[in-house]
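Notes follow once the structure below has been shown.
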Amino acid sequence: MKQPPPQFLKSLPASAGSSVDETGAGDSNKGAPVIALAGNPNTGKSTVFNSLTGMKQHTGNWTGKTVAHARGKYRYRGKDYLLVDLPGSYSLLPSSAEEEVARDFICFERPDVTVVVADATCLERNLNLVLQILEITDRVVVCVNLIDEAARKNIKLHLPLLSRLLGVPVVGTNAREGRGLQRLQEAISRAAGGPPPLPGPPPISYSPAVEEAVALLEPALCGLALPGLSSRWLALRLLDGDSSLYRSIKRFLNVDLRRNKVLGAKVARAKGLLEKESSGRKAPDLIVGAIFETAEKIAGQAAVETASRSYQWDRRLDRLFTSRSLGIPVMLALLGVLFWITITGANYPSELLAAAFSWLEGPLDAFFVALGAPGWLQGILVTGVYRTLAWVVSVMLPPMAIFFPLFTFLEDLGYLPRVAFNLDSFFRRAGAHGKQALTMCMGFGCNAAGVIACRIIDSPRERLIAMLTNNFVPCNGRFPLLIVLASLFLGPAGGLLGTLTGAAVILGAVVLGVMVTLGVSKVLSRTLLRGLPSTFALELPPYRKPQLGRILVRSFFDRTLFVLGRALVVAAPAGLLIWLMANIKIGALSMLESTARFLQPFGVLLGMDGYIIIAFLLGFPANEIVIPLMIMSYLAAGSLMDLSSLSGLQALLIDNGWSWLTALCVMLFSLNHFPCGTTLLTIYRETRSFKWTAAAFLIPTLTGAALCFLVAQAARLLGLA
Amino acid sequence: MNGELIPLHLLPPGCSGRVCRIEINGAARRRMLDLGLTGSTAVAALQKSPSGDPTAYLIRGAVIALRSQEASQIFVAPDNIK
């Protein structure tokens with residue numbers, strides 16, 4: 001990041017598979033109209049953003065996955081527009097950091113046009129935000145998205161009427177299929193280019209008592225130099241008692257309203273008067289109540305339910321997925337099936353790739369010989385770099401390419417919030433936030449992304465717990481290790497029984513990961529991060545039919561290739577390093593051997609060996625390379641193997657003293673050890689604290705060491721291995 | 001509608017009611033208001049999670065899960081208790 005990001009922007013590490021420019025617009029966009037994209041969470045805002053900009057911001061059917069605002073450009077009729085995707089918010093009367101960011105952007109950065117994306121199936125609640133934004137600015141375009149779903153749910157939309165009632169353009173879209181986006185762009189360009197709309201009547205009608213209180217405050221506010229803020233809106237916020245607004249006004253406009261004693265006294269008087277005239281009802285209730293009453297009235301006219309509203313499918317699926325008796329078994333079964341498909345499907349392409357790479361090594365060697373290259377160069381490039389890369393691709397690529405799309409399917413369907421719903425009571429008892437289940441699910445893809453996703457948790461204490469424990473779920477850099485070792489060592493080889501056992505073992509590993517997450521969360525919330533669980537409201541969005549083609553393309557290009565690319569970048573130098581260590585001798589032993597011997601006692605204590613520990617240490621930049629590094633160091637230490645098949649791998653490991661216990665301990669340690677470099681860096685960026693970053697390193701490592709030690713010693717004592 | 005008020009978490013799944021009083025304060029109250037839980041909002045209890053808490057409610061067309069801790073401080077007039 002060359003330039004410091006604007007103060008309202010949190011910087012995002014470039015690790016989460018998104019190619020979106022998070023750092024700000026840069027100078028090249030000067031002059032392009034700024035279009036803010038606001039909306040309730042889970043209304044398809046990110047889909048609108050992606051369709052307009054052609055970018056690949058992560059989308060998923062759960063609330064709150066846009067956690068920082070992304071920016072992107074698009075061209076319409078030869079003119080550039082800068083689109084800013086604000087975090088999803090229910091309201092501009094902020095109760096979370098995300099909502100404050102959205103509010104501050106609309107109020108103080110003053111975009112040329114604010115597009116509010118509203119969910120057509122839930123218009124009434126979405127109008128709450130629309131109306132609040134209309135109180136701030138009238139340069140608004142309302143984008144009623146998900147019109148296809150509304151039609152399926154027997155909701156008849158009257159968009160021209162809605163536009164008349166709100167006094168701003170309204171465009172209906174189905175962003176997932178690209179419908180209506182042209183009209184949206186047209187409406188935006190008109191709103192950005194045209195003269196300001198004529199002032200209409202205020203969109204929200206408050207009770208006479210509220211109006212009186214506003215009238216009392218407005219004159220005092222008109223005298224203050226607060227550019228761009230309507231005095232009516234500000235008066236309402238002051239009555240509302242929104243303390244975060246005082247902070248933002250000081251920060252952006254450098255006016256400290258709290259120092260203004262005269263104003264303070266007036267606010268107190270107006271509030272007192274208002275509450276007295278409203279038989280004790282508090283100002284925020286009166287204000288929000290009025291907004292929702294208006295929303296109800298407008299939605300009642302503009303979105304009419306023609307038949308009884310059809311929730312049938314959603315309710316039916318929910319009865320299965322969150323059923324009292326079946327909810328959790330169904331969840332485990334789904335995950336088990338996912339793993340089974342991955343294991344079964346990955347086996348054949350893995351063998352094929354390994355064979356292809358092994359065959360290619362012959363011509364490569366011949367090529368170097370023909371060139372007359374020195375032996376060490378051939379050693380470094382072929383035995384060191386090429387082989388490591390070959391292992392990364394053949395072992396890692398197939399499971400990723402299968403698991404990612406399957407998982408994305410569940411995400412698109414809207415299943416993940418149901419997981420959070422099912423698991424919430426466990427998290428509550430651990431003193432953690434229910435949304436931690438969602439961040440945990442993100443961790444399956446990439447722990448760095450999971451850590452960033454923790455921003456959806458408002459309470460700093462619970463957010464920290466979620467960040468520190470995210471690493472306990474295996475990211476997809478670690479899944480292949482679990483899959484390979486489970487299918488080679490735990491359970492019968494090959495066949496249906498073999499793959500089923502493999503799937504069961506992986507499922508067990510994940511369940512263990514979740515249990516450790518809960519256990520560590522509980523310990524943290526009793527010790528370092530003491531406190532009570534905060535308020536929790538989780539939206540269960542309607543199920544959506546996943547788009548298969550899009551899932552395949554997106555999960556392959558955005559996730560699989562990205563993760564694989566990162567692994568390859570790291571694997572090449574790591575392979576080189578292993579080769580050098582194996583070939584540089586100090587005394588009688590190579591560096592690799594002497595390091596392995598030094599680490600051997602520690603490794604044995606944990607049921608592993610010195611080479612494995614080296615592989616884990618060198619795998620710090622990316623977990624994907626741990627298995628390839630193990631293979632490389634065994635090979636470098638003199639073992640021979642048939643590179644062309646996975647049974648060759650099994651023979652190599654057994655030759656080096658592996659038993660089922662070794663495999664189990666490696667799996668346990670893979671599940672519970674220090675997060676990869678990217679994840680740790682992300683944790684540091686999010687917490688800005690060396691202390692918590694160190695904790696994020698130590699907690700899983702110590703947990704893993706303890707688990708491996710116990711398992712290894714117990715197995716040896718009982719004579720099992 | 002002149003029956004007695006019950007806390008929302010005691011509203012049985014399948015039943016509905018209208019919000020009458022919210023006894024939560026501070027930021028959490030704001031959160032509830034933003035979800036549309038204002039005076040006289042219609043709420044229907046849909047179903048409980050496997051462990052019985054949280055419960056999913058239908059509020060203004062959206063399905064929202066609330067923990068008992070919060071729901072117990074929201075009082076509703078039930079429509080149709082059998």
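Because only heavy atoms are used, hydrogens play no part in the values below, and waters and symmetry mates are left out as well, while side chains stay in. Protein chains get the first letters and strands the later ones, always in sequence-line order, with residue 1 at the start of each. Model, not experiment: these values are computed from the prediction.
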Contacting moiety of A/Ser323, where chain B heavy atoms sit under 4.5 Å: backbone
Side chain, backbone, both or neither: which part of A/Asp119 has an atom under 4.5 Å from a heavy atom of chain B? neither
B/Ser49 versus chain A, heavy atoms under 4.5 Å apart: side chain, backbone, both or neither? both
Among all residues two or more places apart in sequence or in another chain, which pass the side chain to side chain donor-acceptor pair (under 3.5 Å) test with B/Lys48? B/Thr55
Given the options A/Arg125, A/Arg428, A/Arg281, A/Glu124, which has more heavy-atom pairs under 4.5 Å with chain B than any of the others? A/Arg428
Could you go through residues 69-77 of chain B and list every donor-acceptor pair under 3.5 Å that involves a side-chain atom there, pairing it with any protein atom two or more places apart or in another chain?
from: B/Ser72; atom 1: OG; to: B/Ser68; atom 2: O; distance (Å): 3.0
from: B/Ser72; atom 1: OG; to: B/Gln69; atom 2: O; distance (Å): 3.1
from: B/Gln73; atom 1: NE2; to: B/Gln69; atom 2: O; distance (Å): 3.0

Treating A/Asn145 as the side-chain partner and A/Thr43 as the backbone partner, does any N or O pair qualify as donor plus acceptor under 3.5 Å? yes
Top contributor to chain A interface from B/Asp53, B/Ile24, B/Leu66, B/Leu46 [non-hydrogen pairs under 4.5 Å]: B/Asp53
Applying a strict 4.5 Å limit to non-hydrogen atoms, the region of A/Asn128 in contact with chain B is side chain
If the threshold is 4.0 Å, N to carboxylate O, is there a salt bridge linking B/Arg29 and A/Asp285? yes
Is a side-chain N or O of B/Ser16 found less than 3.5 angstrom from the main chain of B/Asp79, in a donor-acceptor match? no
